[in-house]
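Below is one structure, written out as structure tokens; the observations come after it.
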Amino acid sequence: MVTDARPFEFVLAAGHAALVVIDMQRDFIEPDGFGAALGNDVRHLAAAIGPTRALLEAWRARGWPVVHTRESHAPDLSDCPPSKRDRGQPALRIGDPGPMGRLLVRGEPGCEIVPALAPVPGEAVIDKPGKGAFHATPLEAVLRGLGVTQLVIAGVTTEVCVQTTMREANDRGFDCLLVEEATASYFPEFKRATIDMIVAQGGIVGWAAPLASVLAALPAPAAGAGG
Ligand code: TIU
């Protein structure tokens with residue numbers, strides 16, 4: 001049980017809680033990617049890498065399900081609505097060539113997950129054209145197929161793709177726990193506000209908890225589980 005979760009304790013369903021790592025891609029975290037092209041200070045996001053890595057190691061050691069998502073588009077941008085590509089006045093738009101390849105396009109270096117968090121064989125990788133990870137993806141079917149009932153969430157950014165995905169998951173009947181140090185925003189005040197609104201009203205969207213209390217709540221790895 002995660003005892004100091006907000007708004008109250010979270011009872012982890014051993015083996016049925018998937019770790020969902022949202023969009024920890026070079027395009028959001030490193031300089032010269034999509035996040036920077038939108039005018040953001042990307043330095044705020046690196047802090048989430050180490051805590052997310054700790055969660056990955058814990059889940060892998062137990063052989064529990066891990067899912068990674070990537071916000072990404074087909075090379076012909078057929079899955080990118082013009083409203084998304086044309087919005088605002090960014091330095092570069094989705095699909096434009098940048099120092100890490102075409103922004104948010106599948107197969108380009110910038111679209112890849114940062115090396116420290118790279119998926120390992122057996123972990124699902126969901127390419128998502130939207131902010132929410134359930135929109136136009138097989139994520140729900142993948143989770144149901146794995147017998148998952150809970151999502152433990154890490155990733156970026158807290159108020160955009162993380163919050164959207166948690167709301168989508170909530171409506172589909174998954175209990176969601178956001179790990180506070182494993183998520184980040186370009187705007188620290190938005191991270192704080194997002195966590196507050198997730199846990200308000202008796203957990204209207206879900207739970208949030210510190211990394212240490214999540215790790216402390218995990219059962220010892222079974223002999224032979226994971227890697
Ligand atoms: N801009 C921003 O904060 N986020 C995104 O565009 N995508 C994700 O959050 N993954």
Exercise. Would you say T165's side chain and A133's backbone share a donor-acceptor pair under 3.5 angstrom?
Worked result: yes
Exercise. Counting distance only, does the side-chain N/O of K128 pair as donor-acceptor with the main-chain N or O of T69 below 3.5 Å?
Worked result: no
Exercise. Run the side-chain hydrogen bond (donor to acceptor under 3.5 Å, both in side chains) check on E159 and S185 step by step: do they pass?
Worked result: CA-CA 7 Å; E159 79 279 15; S185 169; 2.8 Å; yes
For this session: State whether R6 and E180 are salt-bridged, where the test is any N-O pair (Lys NZ or Arg NE/NH1/NH2 against Asp/Glu carboxylate O) under 4.0 Å.
Result: yes
For this session: Without swapping roles, check the side chain of N170 against the backbone of I204 for a donor-acceptor pair under 3.5 Å.
Result: yes
Problem set entry | Side-chain (D96) to main-chain (R93) donor-acceptor, under 3.5 angstrom | yes
Exercise. Would a 4.5 Å heavy-atom cut-off, applied to side chains only, mark V179 and P51 as touching?
Worked result: no
Exercise. Given side chains that start at C-beta, do those of T157 and V162 come closer than 4.5 Å, heavy atoms only?
Worked result: no
For this session: Starting at CZ of F134, measure out to CG of D171 and round the result to the nearest 0.5 Å.
Result: 10.0 Å
For this session: Quick one: pull up CG in L55 and CG in L215 and give me the separation to the nearest 0.5 Å.
Result: 6.0 Å
Exercise. Which is it for V105 and L77 under the side-chain contact (heavy atoms from CB on, under 4.5 Å) test, yes or no, and what are the steps along the way?
Worked result: CA-CA 8 Å; V105 169; L77 303 186; 4.1 Å; yes
Seminar exercise, completed: Here the pair of heavy atoms bringing Q150 nearest to V11 is NE2-O, 2.8 Å
Exercise. Is a donor on one side and an acceptor on the other found under 3.5 Å between the side chain of Q25 and the backbone of I113?
Worked result: no
Exercise. Taking atom CG of L38 and atom CZ of R87, what is their separation to the nearest 0.5 Å?
Worked result: 11.0 Å
For this session: Can you see which heavy atom on D79 is nearest to which on A74, and at what distance?
Result: OD1-N, 3.0 Å
Exercise. What distance do L45 atom CG and T183 atom OG1 have between them, rounded to the nearest 0.5 Å?
Worked result: 8.0 Å
Seminar exercise, completed: Residues A154 and T52: closest non-hydrogen pair is CB-OG1, 3.8 Å
For this session: State, with a plain yes or no, whether a side-chain heavy atom of F174 is found less than 4.5 Å away from one of R144.
Result: yes
Exercise. Between E181 and L211, which heavy-atom pair has the shortest distance, and what is it?
Worked result: OE1-N, 2.7 Å
Problem set entry | Enclosure of E189 CD (heavy-atom neighbours >12, cutoff 6.0 Å) | yes
Exercise. Do L117 and F34 share a hydrophobic cluster (ILVMFWY, side-chain heavy atoms under 4.5 Å, transitive)?
Worked result: yes
Exercise. So if you build clusters from Ile, Leu, Val, Met, Phe, Trp, Tyr with side-chain heavy-atom gaps below 4.5 Å, do V21 and I195 land together?
Worked result: no
For this session: Consider only side-chain heavy atoms of I, L, V, M, F, W and Y, link residues closer than 4.5 Å, and tell whether L139 and M166 are in one cluster.
Result: yes
Exercise. Does R102 reach the main-chain N or O of G95 with its side chain, forming a donor-acceptor pair under 3.5 Å?
Worked result: yes
For this session: With the side chain counted from C-beta on, respond yes when I29 and V42 share a heavy-atom pair under 4.5 Å apart, and no when they do not.
Result: no
For this session: In plain terms, say whether E168 and R172 are close enough for a salt bridge, that is, a side-chain N and a carboxylate O under 4.0 Å apart.
Result: no
Seminar exercise, completed: In short, R62 meets P221 closest at the heavy-atom pair NH2-CD, 3.7 Å
For this session: Working to the nearest 0.5 Å, report the span between OG of S72 and CG of L104.
Result: 7.5 Å
For this session: Could you tell me whether the side chain of W207 and the main chain of F8 form a donor-acceptor pair under 3.5 Å?
Result: yes
For this session: Would you mind checking if D27 and R70 are paired as a salt bridge, meaning a charged N to carboxylate O distance below 4.0 Å?
Result: no
Problem set entry | R26 side chain reached by C111 side chain, heavy atoms, under 4.5 Å | no
Exercise. Donor-acceptor pair, T158 side chain versus A184 backbone, under 3.5 Å?
Worked result: yes
Exercise. Does Y186 reach the main-chain N or O of A36 with its side chain, forming a donor-acceptor pair under 3.5 Å?
Worked result: no
Exercise. How long is the gap from CG on L178 to CD1 on I198, to the nearest 0.5 Å?
Worked result: 5.0 Å
Problem set entry | Residue pair M197, Q163: steps toward the side-chain contact (heavy atoms from CB on, under 4.5 Å) verdict | CA-CA 10 Å; M197 69 178 79; Q163 178 170 214; 3.3 Å; yes
For this session: Decide yes or no on side-chain hydrogen bond (donor to acceptor under 3.5 Å, both in side chains) for E123 and H68, but give the supporting numbers first.
Result: CA-CA 7 Å; E123 294 176 350; H68 305 259; 2.7 Å; yes
Exercise. Is there side-chain contact between V156 and I22, with heavy atoms separated by less than 4.5 Å?
Worked result: no
Exercise. Would you call F187 and N40 a side-chain contact if the rule is heavy atoms closer than 4.5 Å?
Worked result: yes
For this session: Go through the steps to decide whether D127 and T137 satisfy the test side-chain contact (heavy atoms from CB on, under 4.5 Å), and finish with yes or no.
Result: CA-CA 7 Å; D127 283 303; T137 74; over 6 Å; no
For this session: Output, in order, the C-alpha distance, side-chain angles, deciding distance and verdict of side-chain contact (heavy atoms from CB on, under 4.5 Å) for F10 and T3.
Result: CA-CA 7 Å; F10 184 85; T3 48; over 6 Å; no
Exercise. So do L143 and V67 actually touch side chain to side chain, heavy atoms under 4.5 Å?
Worked result: yes
For this session: Heavy atoms only: give me the nearest E71-K84 pair and the separation to one decimal.
Result: OE2-NZ, 2.7 Å
Exercise. Are V20 and V205 joined in one hydrophobic group, where the rule is that I, L, V, M, F, W and Y side chains link up if heavy atoms are under 4.5 Å apart?
Worked result: yes
Exercise. With distance as the sole test, does R85 use its side chain to make a donor-acceptor pair with the main-chain N or O of I94 at under 3.5 Å?
Worked result: yes
Exercise. Under a single-linkage definition using a 4.5 Å side-chain heavy-atom cutoff for Ile, Leu, Val, Met, Phe, Trp and Tyr, are L56 and M24 assigned to the same hydrophobic cluster?
Worked result: yes
